[in-house]
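Presented below is the structure to which this report refers.
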Amino acid sequence: MQVHKQLIERLNALSPTHVDLVNESMNHAGYFEGKESHFKLTIVSPEFVSKRAVARHQLIYAQAGELMTSQGGSIHALAIHAYTPEEWDSLLQEQQSVPASPLCAGQNKG
């Protein structure tokens, strides 16, 4: 099973109301067709209510587990944008977009 599908499947444990997972691997050095190493995740979940960004990220990394390179997987970078449903609704109403992913050690293409 593809890595992005595995990650989305695992994230379902957080009862998300919205998930957008974008493979950004092609923007980084060493890319080859089918590589799944750099992702941008936008996720909305009631599980994030009353939790700061670090706690939200910890919940996500707990689900990602061995998919991360630090645990033997192939995901090297995961840009996380985690929102509560209320924060997400506010973002949409203000017609704001999710921030761009950070550069990866200066090895970006383009």
Side-chain angles (χ1 to χ4, degrees):
M1 182 185 296
Q2 295 176 321
V3 173
H4 75 276
K5 288 182 181 179
Q6 290 179 54
L7 182 55
I8 288 172
E9 194 172 278
R10 290 168 181 232
L11 292 171
N12 283 333
L14 299 175
S15 304
T17 58
H18 174 83
V19 176
D20 184 35
L21 185 63
V22 179
N23 184 350
E24 297 184 324
S25 301
M26 72 285 303
N27 299 327
H28 299 277
Y31 176 73
F32 54 84
E33 186 66 34
K35 186 173 185 179
E36 294 185 289
S37 61
H38 292 71
F39 289 95
K40 177 178 182 175
L41 171 66
T42 304
I43 183 168
V44 180
S45 172
E47 296 288 326
F48 301 145
V49 173
S50 300
K51 290 184 175 62
R52 294 178 184 237
V54 171
R56 295 174 188 192
H57 289 211
Q58 289 171 334
L59 286 172
I60 292 164
Y61 283 122
Q63 295 306 314
E66 67 272 1
L67 297 176
M68 303 300 297
T69 56
S70 63
Q71 296 193 25
S74 65
I75 300 176
H76 165 73
L78 185 59
I80 300 172
H81 305 282
Y83 302 97
T84 66
E86 183 178 315
E87 291 167 342
W88 183 246
D89 289 343
S90 177
L91 189 77
L92 294 177
Q93 287 175 3
E94 295 173 11
Q95 297 181 351
Q96 293 183 12
S97 60
V98 175
S101 296
L103 298 179
C104 182
Q107 299 297 312
N108 295 285
K109 294 182 179 179

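Computed from a prediction, not measured in an experiment: that's the story for all the values here. Positions are given from 1 along the sequence.
Other residues, nucleotides and ligands contribute over 12 non-hydrogen atoms within 6.0 Å of the CD atom of Glu87.
Ala82 approaches Arg56 most closely through the heavy-atom pair O-NH1, 2.9 Å.
Counting only heavy atoms from C-beta outward, the side chains of Leu14 and Ser45 approach each other to under 4.5 Å. With a 4.5 Å cut-off on side-chain heavy atoms, Leu21 and Lys40 do not count as touching. Residues Ile80 and Phe39 have side chains not in contact (no heavy-atom distance under 4.5 Å, counting atoms from C-beta outward). The closest side-chain heavy-atom distance from Leu78 to Ile60 is below 4.5 Å. The side-chain heavy atoms of His81 and Ile43, taken from C-beta on, include no pair separated by under 4.5 Å. Thr42 has its side chain within reach of Trp88: a pair of non-hydrogen atoms, C-beta onward, lies under 4.5 Å apart. Proximity of Tyr83 to Asp89: side-chain heavy atoms (C-beta onward) are nowhere separated by under 4.5 Å. Side-chain contact between Leu11 and Leu41 is present, with heavy atoms from C-beta onward closer than 4.5 Å.
In this structure, NE2 on His4 lies 12.0 Å from CG on Leu67, to the nearest 0.5 angstrom. Between the CD atom in Gln63 and the CZ atom in Arg10 there is a gap of 8.0 Å [rounded to 0.5 Å]. Rounding to the nearest 0.5 Å gives a distance of 11.0 Å between OG of Ser74 and NE2 of His38.
Taken together through direct or relayed side-chain contacts under 4.5 Å among Ile, Leu, Val, Met, Phe, Trp and Tyr, Phe48 and Val98 form parts of separate hydrophobic clusters. Val19 and Val44 are members of different hydrophobic clusters when ILVMFWY side chains are connected at heavy-atom separations under 4.5 Å.
Side-chain polar atoms of Glu94 and Ser90 form a donor-acceptor pair below 3.5 angstrom.
For the side chain to side chain contact (heavy atoms under 4.5 Å, CB included) test, residues two or more places apart in sequence or in another chain that qualify with Ala64 are Leu7, Met68.
Using a distance-only test at 3.5 Å, with no hydrogens or angles considered, no donor-acceptor pair links the side chain of Thr84 to the main chain of Val49.
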